[in-house]
**Q** 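Right, I'll just put the structure down here and ask away after.
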Amino acid sequence: MSFVEYEELIKEGDTAIIFLGHGSMFPVQVQRGAQTQTKYGVIRHSAHLIGQPFGSRVTCSKGGWVYVLHPTPELWTLNLPHRTQILYSTDISIITMMLELKPGSIVCESGTGSGSLSHAIIRTVAPTGHLHTVEFHQQRAQKAEEEFREHRVDRWVTVRNQDVCKNGFGVSHVADAVFLDIPSPWEAIGHAKDALKVEGGRLCSFSPCIEQVQRTCQALAEHGFIEITTLEILLREYNVRTANLPLPDLGGALDPLPVLGEAQFKIGVPLKETVGHTGYLTFASKSLF
Ligand SMILES: C[S@@+](CC[C@H](N)C(=O)[O-])C[C@H]1O[C@@H](n2cnc3c(N)ncnc32)[C@H](O)[C@@H]1O
């Protein structure tokens with residue numbers, strides 16, 4: 001498996017997602033001879049995982065069962081070890097679309113953080129594109145590099161351990177798109193402009209606070225970026241429930257008397273705890289003129 005190409009069978013070294021039930025899952029690194037404990041009992045990698053198809057239902061030692069899923073960037077985002085705050089799939093999907101990412105795109109990103117967005121970018125730009133990602137925290141940069149290797153996507157990504165505000169992205173005039181998720185993005189706008197192709201490209205900056213957005217928009221305008229737009233994307237999730245609702249008496253025929261009763265309906269109920277503010281997404285274009 002890799003996070004870019006689907007493979008049928010689980011093999012040693014793969015990352016698999018163990019799905020225990022609604023909202024309950026975790027990743028495992030498949031290793032011959034290894035065991036993983038779950039509340040349903042032990043999963044023995046050699047017997048239960050290696051050679052089985054992804055998507056299999058695996059019976060654990062206590063008789064309970066789990067599903068073993070092929071990894072995707074979306075599942076990884078929900079299961080990855082957090083070394084920083086991360087971006088979630090709602091923001092990631094709009095970033096991917098508004099940056100016009102596609103196979104072959106060259107993308108610059110900073111900071112790498114926990115690599116949540118990086119995995120999604122790599123999946124979108126492969127097999128002919130590339131991600132240049134910059135992270136100034138040495139351990140985070142190292143850990144991200146290790147993960148990209150484990151997930152067999154390292155040939156589509158270069159990790160640079162440097163300060164993007166001082167040293168930029170390490171590439172010049174190659175990028176179709178630049179993404180920033182750092183505390184002071186306005187200090188990196190000049191470097192973003194330099195990283196983007198001469199003929200232009202797209203930029204996105206993610207910031208939780210409106211004061212950061214104001215400074216970023218100002219810097220974007222000063223550097224000649226156009227089409228500056230700030231968005232916030234809010235996700236609303238629904239549970240499906242069965243409800244008993246009274247049948248209405250529409251006051252029609254009296255003879256025979258209307259038979260009132262209840263009918264069952266399937267209804268969508270918004271979750272009580274909705275996801276709140278994550279951040280503002282500021283988009284802009286580098287123009288040729
Ligand atoms: C919020 S995290 C990014 C999370 C990432 N978008 C994800 O989805 O996992 C921000 C990262 O930027 C890094 N960072 C902050 N300022 C930086 C700078 N000037 N140059 C390079 N990295 C920087 C931090 O060390 C941190 O790891």
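When a ligand or atom number is given, it counts from 1 through the structure's own listing order. The basis for the numbers below is simple: all heavy atoms, side chains too, and nothing from hydrogens, waters or symmetry mates. This structure is a prediction, so every number in the text was calculated from the model and none was measured.
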**Q** Between R152, H70, Q29, which is the residue that forms a side-chain hydrogen bond (donor to acceptor under 3.5 Å, both in side chains) with D14?
**A** R152

**Q** Please report which non-hydrogen protein atom sits nearest to atom 22 (N) of ligand 1, along with the residue it belongs to and the distance in Å to one decimal place.
**A** F136 N, 3.2 Å

**Q** How many angstroms lie between CG in L9 and CD in Q52, if you round to the nearest 0.5 Å?
**A** 8.5 Å

**Q** Would you say the side chain of T36 lies within less than 4.5 Å of the side chain of F26, judging by non-hydrogen atoms?
**A** yes

**Q** Could you tell me whether some N/O pair between I86 and ligand 1 is separated by less than 3.5 angstrom?
**A** no

**Q** Answer side chain, backbone, both or neither: which part of S110 comes under 4.0 Å from ligand 1, heavy atoms only.
**A** side chain

**Q** Taking 4.0 angstrom as the limit and counting only heavy atoms of Q85, give me the atoms of ligand 1 inside it, by number and element.
**A** 1 (C), 2 (S), 4 (C)

**Q** Are F54 and I10 side-chain neighbours, meaning at least one heavy-atom pair lies under 4.5 Å?
**A** yes

**Q** Report the relative orientation of the aromatic rings in H130 and H132; use parallel for angles under 30°, tilted for 30 to 60°, perpendicular for over 60°.
**A** tilted

**Q** Look at atom 5 (C) of ligand 1 and say which protein heavy atom is nearest, naming residue and atom and giving the distance to 0.1 Å.
**A** T112 O, 3.6 Å

**Q** Within the 4.5 Å heavy-atom criterion, are Q162 and E135 side-chain neighbours or not?
**A** no

**Q** Numbering the atoms of ligand 1 from 1, which are under 4.0 Å from a heavy atom of G115?
**A** 9 (O)

**Q** Under the side-chain hydrogen bond (donor to acceptor under 3.5 Å, both in side chains) test against S116, which residue among T84, D181, T77 passes?
**A** T77

**Q** Below 3.5 angstrom, do we get any N/O pair linking V164 and ligand 1?
**A** yes

**Q** To which protein heavy atom is atom 7 (C) of ligand 1 closest, and what is the distance rounded to 0.1 Å?
**A** S116 N, 3.7 Å

**Q** Between W76 and H151, what is the ring plane arrangement, given parallel below 30°, perpendicular above 60°, and tilted in between?
**A** perpendicular

**Q** Under a 4.5 Å cut-off applied to non-hydrogen side-chain atoms, are P185 and S207 in contact?
**A** yes

**Q** Atom 12 (O) of ligand 1: which protein heavy atom is closest, and how many Å away?
**A** G111 CA, 3.4 Å

**Q** With a heavy-atom distance limit of 4.0 Å, tell me whether P183 approaches ligand 1 through its side chain, its backbone, both, or neither.
**A** side chain

**Q** Which option, E135, Q162, R140, owns the non-hydrogen atom nearest atom 13 (C) of ligand 1?
**A** E135

**Q** Please identify which atoms of ligand 1 are closer than 4.0 Å to at least one heavy atom of H137.
**A** 25 (O)

**Q** Of all the atoms in ligand 1, which lie at a distance below 4.0 Å from a heavy atom belonging to S114?
**A** 9 (O)

**Q** Salt bridge check, R123 against E5: does any charged N sit closer than 4.0 Å to a carboxylate O?
**A** no

**Q** Counting non-hydrogen protein atoms only, what is the nearest one to atom 10 (C) of ligand 1? Give residue, atom name and distance.
**A** D181 O, 3.2 Å

**Q** Looking only at heavy atoms, is any part of D163 under 4.0 Å from ligand 1, and if so is it the side chain, the backbone, or both, or is it neither?
**A** both

**Q** Please could you name the atoms of ligand 1 that L117 approaches to less than 4.0 Å, counting only its heavy atoms?
**A** 7 (C), 8 (O)

